[in-house]
Protein chains: 2
Amino acid sequence: MKLSTKGRYGMRAMLALARRYGDGPIPLKEVAEIESLSESYLEQLAGELRKAGLVRSVRGAQGGYYLAKEPALITAGDIIRVLEGPIGPVQCVIESPDMDDACDYAESCVERLLWQRLRDSMVKVLDSITLADLMAEGKRIGPAPSAKNKNC
Amino acid sequence: MKLSTKGRYGMRAMLALARRYGDGPIPLKEVAEIESLSESYLEQLAGELRKAGLVRSVRGAQGGYYLAKEPALITAGDIIRVLEGPIGPVQCVIESPDMDDACDYAESCVERLLWQRLRDSMVKVLDSITLADLMAEGKRIGPAPSAKNKNC
DNA sequence: TCAATTCCCAGTAATCAACTCGGATTACTA
DNA sequence: TAGTAATCCGAGTTGATTACTGGGAATTGA
């Protein structure tokens, strides 16, 4: 039940972009330095976030990435869904499951009720917290150099 | 953010034992058949559940496994913790983290707040639902052949 | 033209997931 | 006491996934 580095690093990168929202495009090199992440790995994540419409990019010199919407309009759930896939502890209760995901006994499957409730509580938290919320918390708890730790 | 088969199959096996609570030891062979799971794989899970004190075993012919406590006293969280490890979306906010897990900037790490809230909501759901609860739901929604699907 | 940048894709090493298998031990039953 | 049904234990295997790295093409501002 853990996030992968994609979700963790992606969240940090998005938060870094949020902090510089309005400053024009920020090169990934810079984000990578601030967050001490690998630039080439970040490139991959940025590509997915761009395709999903959460960030926009400008190519060439002086180019970079910037948030496609203001921080208050981007939730943690948006980011996690792009980088980790649909939210849910098991395949058969992810959001908008297709036919292949549902099992034959879905109607009478008891565990399913448990997993659904777990999913709902996860979705509720992730969809209720925006990048703006996190930045606001940041101001409250002090200057925030993001974690320089593999596990965060 | 998905459970592994250990958590999923383990939950099903525990629920199967719960349904037969009071019937004396149930051999894994039987559980494996009912739930269409691999017996030898179940053996591993059963070993962990036993070491954790959730089930007890009787060796030899006519032996098997049975719940160590009544179904109302075993929560989903108990089972998940044994088979999937401590609950939490990232290492640095798992329950009872030790020194190695916490990062150097824990105090000023903004993402941490998000992950903590997510963890809390997961814990709340998992710790509030017992095997007895699930069995009761089972009666409500009809006869429950557990899912015979890889994803459940 | 040059340098900075995104973009894209291929490869890779290490780890993890999901099992399987063999054999030892234990205990009920006939 | 033999036979059989179980747990117990640890090692091995296979395939997928994770977490990257690197190369090179395309783009663009100075």
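Nothing here was measured: the structure is a model prediction, and the numbers come from that model. Within every chain, numbering begins at 1; the chains are lettered A, B, ... in the order of the sequence lines, protein sequences first and strands thereafter.
The side chain of Tyr65(B) places an N or O atom within less than 4.0 Å of a non-bridging phosphate oxygen (OP1 or OP2) of dC8(D).
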Notebook entry, point to check: How does each nucleotide of nucleotides 18-30 of chain C score, in 5' to 3' order, for protein heavy atoms under 4.0 Å: base (B), sugar-phosphate only (S), or none (-)?
Noted result: SBB----BBBSS-

Next item on the list: For side chain to side chain contact (heavy atoms under 4.5 Å, CB included), just list the numbers for Arg81(B) and Asp127(B), CA-CA rounded to whole Å, side-chain angles, deciding distance to a tenth of an Å, and then say yes or no.
Entry: CA-CA 10 Å; Arg81(B) 282 189 192 88; Asp127(B) 282 348; 2.9 Å; yes

Margin query: Assess the residue pair Arg112(A) and Val93(A) against the criterion (side chain to side chain contact (heavy atoms under 4.5 Å, CB included)); give the C-alpha distance rounded to whole Å, side-chain angles, the decisive distance to 0.1 Å, and a yes or no.
Written below: CA-CA 7 Å; Arg112(A) 192 179 161 85; Val93(A) 301; 3.8 Å; yes

Next item on the list: Check the pair Tyr21(B) / Lys69(B) against side chain to side chain contact (heavy atoms under 4.5 Å, CB included), numbers first and verdict last.
Entry: CA-CA 9 Å; Tyr21(B) 184 64; Lys69(B) 302 180 266 189; 5.8 Å; no

Note to self: Could you go through Gln91(B) and Ile94(B), starting from their C-alpha distance and side-chain angles, then the distance that decides it, and tell me whether this counts as side chain to side chain contact (heavy atoms under 4.5 Å, CB included)?
What the structure shows: CA-CA 6 Å; Gln91(B) 198 61 26; Ile94(B) 57 171; 3.5 Å; yes

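The interatomic distance linking Glu84(B) (CD) with dC16(C) (C1') rounds to 12 Å, in whole Å. Separating the CZ atom of Arg50(A) from the C1' atom of dT6(C) is a distance of 8 Å, rounded to the nearest angstrom. Distance CG (Leu83(A)) to P (dT17(D)): 17 Å, rounded to an integer number of Å. Atom NZ in Lys2(A) sits roughly 13 Å away from atom P in dC16(C) (whole-Å rounding). The distance between atom CD of Glu48(A) and atom C1' of dC9(C), rounded to the nearest whole Å, is 13 Å. In this structure, Leu42(A) atom CG and dT21(D) atom P are separated by 11 Å, rounded to whole Å. Atom CD of Glu30(A) is separated from atom C1' of dA4(C) by 12 Å (rounded to the nearest Å). The distance from atom NZ of Lys51(B) to atom P of dT7(D) is 14 Å, rounded to the nearest whole Å.
Tracing side-chain contacts under 4.5 Å through hydrophobic residues (I, L, V, M, F, W, Y), one reaches Ile129(B) starting from Ile74(B); they form part of the same cluster.
We find that Lys51(A) and Glu48(A) are not joined by a salt bridge, their nearest charged nitrogen and carboxylate oxygen being 4.0 Å or further apart.
Note on the helix from dT1(C)-dA30(D) to dA30(C)-dT1(D): terminal axis deviation equals 10°, with five pairs used at each end and the result rounded to 10°.
For Lys2(B), the side chain to side chain donor-acceptor pair (under 3.5 Å) criterion is met by no residue, not counting sequence neighbours.
Heavy-atom minimum distance, Ser57(A) versus Arg50(A): OG-CD, 3.2 Å.
Within the 4.5 Å cutoff, no side-chain heavy atoms of Met14(B) are placed close to those of Val82(B).
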